[in-house]
Amino acid sequence: MASSDEKSWSQHSSASQRLLSEDEQAKLEHQNSRIVSDFKQTKLEREAQKHWDVFYKRNTTKFFKDRHWTSREFEDLCGSEQKGLKTLLEVGCGVGNFLFPLLEDNSSLYIYACDFSPRAVQFVKENSLYDESRCKAFQCDLTSDDLLAYVTPSAVDVVTMIFVLSAIHPDKMLQSLLNIRKVLAPSGCILFRDYGLHDFAMIRFSPGSKLDENFYVRQDGTRSYFFSREKLTELFNEAGFETEKCDYILRETINKKEGVCVPRVFVQGKFTIRKRE
Ligand SMILES: C[S@@+](CC[C@H](N)C(=O)[O-])C[C@H]1O[C@@H](n2cnc3c(N)ncnc32)[C@H](O)[C@@H]1O
């Protein structure tokens with residue numbers, strides 16, 4: 001995960017995926033020498049929520065930086081008033097690093113925010129900027145709880161998914177998207193940003209951390225998938241969405257702790273509900 005001591009120093013987008021050096025290819029190959037057992041994989045899935053909750057117990061609100069870049073990166077979030085954007089749902093909101101900057105920048109926006117970690121939701125509610133007339137935070141597991149229990153059907157103009165789908169088991173990604181689709185207005189969209197294929201964090205995993213193709217477990221039991229553009233568009237297509245945009249974002253960050261410059265890869269996209277099935 002990108003911790004708060006990593007500082008970005010340059011950024012650019014690219015249509016093609018990052019090519020690996022021979023050394024990096026060898027590292028990826030080496031990861032296959034020890035794949036996590038089925039027994040441990042089942043346990044990790046059963047305890048997914050617990051692992052994230054413990055993550056927030058340990059890191060409180062200090063791990064992720066406030067995401068002030070979102071309005072810049074997603075033009076749909078810029079000037080929301082003029083665009084008639086009224087209601088937004090952020091899924092996998094963590095402690096609100098995306099939510100609060102957005103609330104501050106958009107005075108007429110109402111934001112629903114959910115996460116399956118009860119501690120994360122509690123941190124959101126305890127934030128001094130939390131205002132029930134402007135937002136509602138609730139606990140919800142996207143893979144199993146019906147979003148319609150909290151949000152009116154088709155009531156949401158924009159859903160944001162910021163580094164959340166990667167934390168969900170690949171077998172449950174589709175059902176999570178179908179769940180989200182139910183609350184999205186027919187003209188609405190999903191704005192997406194997550195870890196991309198060949199991100200530095202992916203190469204860095206050691207043997208014994210690989211769960212499946214492009215899917216890994218961290219030391220603390222939280223998991224991460226690394227998306228190719230193809231995988232992502234295929235998934236959204238299957239869930240009834242059209243891909244408006246889907247790009248790799250390549251950026252270099254300085255990891256201050258280790259004193260090295262590392263290549264980060266993210267995937268960013270915009271998806272709309274397909275008009276005709
Ligand atoms: C990498 S963090 C990103 C948090 C936040 N979106 C941000 O960018 O700061 C992933 C978040 O997804 C949440 N999450 C993982 N699986 C989930 C699920 N099935 N349902 C709801 N939230 C989930 C975790 O609790 C965690 O807060």
Side-chain angles (χ1 to χ4, degrees), residues 1-4 6 8 44-71 73-74 77 88-103 111-125 127 135 137-151 158-180 182-183 190-196 199 201-202 211 215-227 235 249 264 266-268:
M1 246 179 289
S3 71
S4 50
E6 284 182 2
S8 161
L44 283 169
E45 176 58 17
R46 204 175 45 240
E47 296 179 347
Q49 185 197 33
K50 186 184 90 183
H51 288 303
W52 273 108
D53 209 48
V54 171
F55 171 89
Y56 288 114
K57 181 180 183 186
R58 191 178 314 118
N59 295 294
T60 65
T61 55
K62 298 187 173 65
F63 193 84
F64 300 111
K65 281 189 283 191
D66 268 356
R67 303 197 187 278
H68 287 287
W69 46 262
T70 44
S71 297
E73 291 281 324
F74 296 114
L77 298 179
L88 185 144
L89 164 67
E90 204 217 345
V91 292
C93 63
V95 296
N97 298 90
F98 168 83
L99 159 77
F100 293 113
L102 199 63
L103 270 181
I111 305 186
Y112 291 98
C114 70
D115 200 285
F116 75 169
S117 155
R119 258 194 197 90
V121 173
Q122 195 52 38
F123 278 125
V124 170
K125 289 184 173 170
N127 191 303
C135 55
F138 56 96
Q139 190 203 337
C140 168
D141 183 340
L142 286 173
T143 68
S144 55
D145 298 327
D146 192 345
L147 276 169
L148 289 178
Y150 308 92
V151 185
V158 174
V159 173
T160 49
M161 302 184 77
I162 312 293
F163 299 103
V164 56
L165 199 61
S166 57
I168 290 176
H169 192 287
D171 289 352
K172 296 186 175 174
M173 288 176 182
L174 178 61
Q175 67 205 62
S176 305
L177 293 182
L178 292 172
N179 195 7
I180 291 168
K182 291 188 279 190
V183 297
I190 295 186
L191 302 178
F192 181 97
R193 181 152 164 141
D194 218 320
Y195 301 108
D199 178 40
M202 172 177 175
L211 301 166
F215 191 42
Y216 297 84
V217 60
R218 302 185 186 92
Q219 298 254 333
D220 63 4
T222 61
R223 297 164 301 170
S224 186
Y225 188 88
F226 295 84
F227 292 96
L235 192 61
I249 305 290
R264 302 305 313 255
F266 305 116
V267 191
Q268 189 164 305

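The figures that follow rest on heavy atoms only: side chains count, while hydrogens, waters and symmetry mates do not. Counting convention: from 1, in listed order, for ligands and their atoms alike. In what follows, residues are counted from 1 in the order of the sequence shown.
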For [X], is at least one N or O under 3.5 Å away from an N or O on ligand 1?
X: Leu142; value: yes
X: Tyr56; value: yes
X: Asp115; value: yes
X: Val91; value: no

Correct closest heavy-atom pair for Gln49 and Phe116 would be NE2-O, 2.6 Å

List the atom of Gly221, the atom of Leu44, and the distance in Å for their closest heavy-atom pair.
O-CD2, 3.8 Å

Tell me every residue that passes side-chain contact (heavy atoms from CB on, under 4.5 Å) with Leu148, counting only those two or more places apart in sequence or in another chain.
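Partners of Leu148 by the side-chain contact (heavy atoms from CB on, under 4.5 Å) criterion, ordered by chain and then number, come out as Asp146, Pro153, Lys182, Val183.
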
Is [X] near ligand 1, meaning one of its heavy atoms is under 4.0 Å from it?
X: Gln49; value: no
X: Phe55; value: no
X: Ser166; value: no

With a cut-off of 4.0 Å, which atoms of ligand 1 are near a heavy atom of [X]?
X: Glu90; value: 6 (N)
X: Gly94; value: 27 (O)
X: Thr143; value: 19 (N)
X: Ala167; value: 15 (C)
X: Asp141; value: 18 (C), 19 (N), 20 (N)

Working for side chain to side chain contact (heavy atoms under 4.5 Å, CB included), residues Ile162 and Asn97
CA-CA 10 Å; Ile162 312 293; Asn97 298 90; over 6 Å; no

Hey, are Ser117 and Asp115 close enough side-chain-wise for a donor-acceptor pair under 3.5 Å?
no

For the pair Phe215 and His169, name the ring-plane relationship: parallel under 30°, tilted 30 to 60°, perpendicular over 60°.
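Correct class here is perpendicular.
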
Under 30°, 30 to 60°, or over 60°: which ring-plane class applies to Phe266 and Phe163, parallel, tilted or perpendicular?
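It falls in the perpendicular class, over 60°.
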
For atom 16 (N) of ligand 1, the option (of Phe98, Tyr195, Phe116) bearing the nearest heavy atom:
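Comparing heavy atoms across Phe98, Tyr195, Phe116, the nearest one to atom 16 (N) of ligand 1 lies in Phe116.
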
Heavy-atom proximity to atom 21 (C) of ligand 1, picking from Gly92, Cys140, Ala113, points to Cys140

Whether Asp194 side chain and Phe227 backbone form a donor-acceptor pair below 3.5 Å:
no

Can you find a pair of side-chain heavy atoms, one from Glu90 and one from Leu102, that are under 4.5 Å apart?
no

